[in-house]
Amino acid sequence: ILNVEQSPQSLHVQEGDSTNFTCSFPSSNFYALHWYRWETAKSPEALFVMTLNGDEKKKGRISATLNTKEGYSYLYIKGSQPEDSATYLCAFMGGYGGSQGNLIFGKGTKLSVKP
Amino acid sequence: GAVVSQHPSWVICKSGTSVKIECRSLDFQATTMFWYRQFPKQSLMLMATSNEGSKATYEQGVEKDKFLINHASLTLSTLTVTSAHPEDSSFYICSAQRLSYEQYFGPGTRLTVT
């Protein structure tokens, strides 16, 4: 059974704090790692799709790194703002076999940013 | 671009009745759509993969006769929960695939079966 773990489960920070979350995934049969941002009552929004070991992606104040050999990815938010409050999901996509192309999600990290 | 809608956003139905949920890709064509389910405090779990013009592929443990999937066009997939029971109460969400690894999600449907 493929397992994707995210930590922490939830995080409360003050506006202006920088924060980071972890996503652990299987290190074999890797194809891609997805990060989504999910606000309540909205569609999950795609943040990054990462495919190469050592990949680093950036979108505004949010960035992510990828280590496929050890099976983890970090998501960083610099200078958190209240509008960053959301649940951040990571999803592993395998490269072959029955799970090819399917996303296997972690439970998410719920971020709350206090003004 | 890459907007996916889902309807209804919430529904309450009586035990034994059927409920249909629609998933539409509004500004792109999707040969493949996915249906997920999320129970409280759990992760999104893939139920089935829906391919336009062919039968859906169901994940292990998902009853295909209970969760009917129809992907009749490149922009629409439907999930029908037949003879719903209270244990089917859950959050159902679809996604549409644009490129080989990009999936765009709808906002989800909260189903409550009484």
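Every chain is numbered from 1, with letters handed out A, B, ... down the list of sequences. Since this is a predicted model, take the numbers as computed values, not measurements. Every heavy atom of this structure was used, including side-chain atoms; hydrogens, water molecules and symmetry mates were not.
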Practice item. With the side chain counted from C-beta on, respond yes when A:Leu103 and B:Tyr36 share a heavy-atom pair under 4.5 Å apart, and no when they do not. Key: yes
Revision key, fill the gap. Minimal heavy-atom distance between B:Gln103 and A:Tyr36, with the atoms involved, is O-OH, 2.9 Å
Point to revise | B:Lys66 atom NZ, neighbour heavy-atom count above 12 within 6.0 Å | key: yes
Check your understanding: Looking at CD of B:Glu102 and CE of A:Met93, how far apart are the two atoms once the value is rounded to the nearest 0.5 Å?
Key -> 9.5 Å
Point to revise | Interface moiety of B:Val3 toward chain A, non-hydrogen atoms closer than 4.5 Å | key: neither
**Study point:** Within one Ile-Leu-Val-Met-Phe-Trp-Tyr cluster: B:Val62 and B:Val81, side-chain cutoff 4.5 Å
**Key:** yes
Check your understanding: How many angstroms lie between atom CD of B:Glu59 and atom CG of A:Asn102, to the nearest 0.5 angstrom?
Key -> 5.5 Å
**Study point:** Path from B:Trp35 to A:Ile104 over hydrophobic side-chain contacts below 4.5 Å
**Key:** no
Check your understanding: What part of B:Gln6 is in contact with chain A, defined as an atom under 4.5 angstrom from a non-hydrogen atom: side chain, backbone, both or neither?
Key -> neither
Review point. Is there a chain of hydrophobic side chains (I, L, V, M, F, W, Y, each step under 4.5 Å between heavy atoms) that links A:Leu89 to B:Phe91?
Key: yes
Review point. B:Phe34, B:Val4: one ILVMFWY side-chain cluster at the under-4.5 Å cut-off?
Key: no
Point to revise | Any A:Lys107 side-chain heavy atom under 4.5 Å of B:Gln42 side chain | key: yes
**Study point:** Proximity breakdown for B:Leu46 and chain A, heavy-atom pairs closer than 4.5 Å
**Key:** side chain
Practice item. Please indicate whether A:Gln9 has more than 12 foreign heavy atoms, meaning atoms of other residues, nucleotides or ligands, lying under 6.0 Å from its CD. Key: no
Practice item. Would you mind reporting whether A:Ser43 and B:Ile93 have side-chain heavy atoms less than 4.5 Å apart? Key: no
Practice item. Might you confirm whether atom NE2 of B:His85 has over 12 heavy atoms from other residues, nucleotides or ligands at distances under 6.0 Å? Key: yes
Point to revise | Heavy-atom pair of closest approach, residues A:Pro44 and B:Gly106 | key: CD-O, 3.5 Å
Exercise for review: To the nearest 0.5 angstrom, please state how far the CZ atom of B:Phe105 sits from the CD atom of A:Glu45.
Suggested key: 13.0 Å
Review point. Nearest 0.5 Å, what's the CZ-CE distance between A:Phe105 and B:Met45?
Key: 11.5 Å
Point to revise | Same apolar cluster (I L V M F W Y, side chains within < 4.5 Å links), A:Tyr31/A:Val49 | key: yes
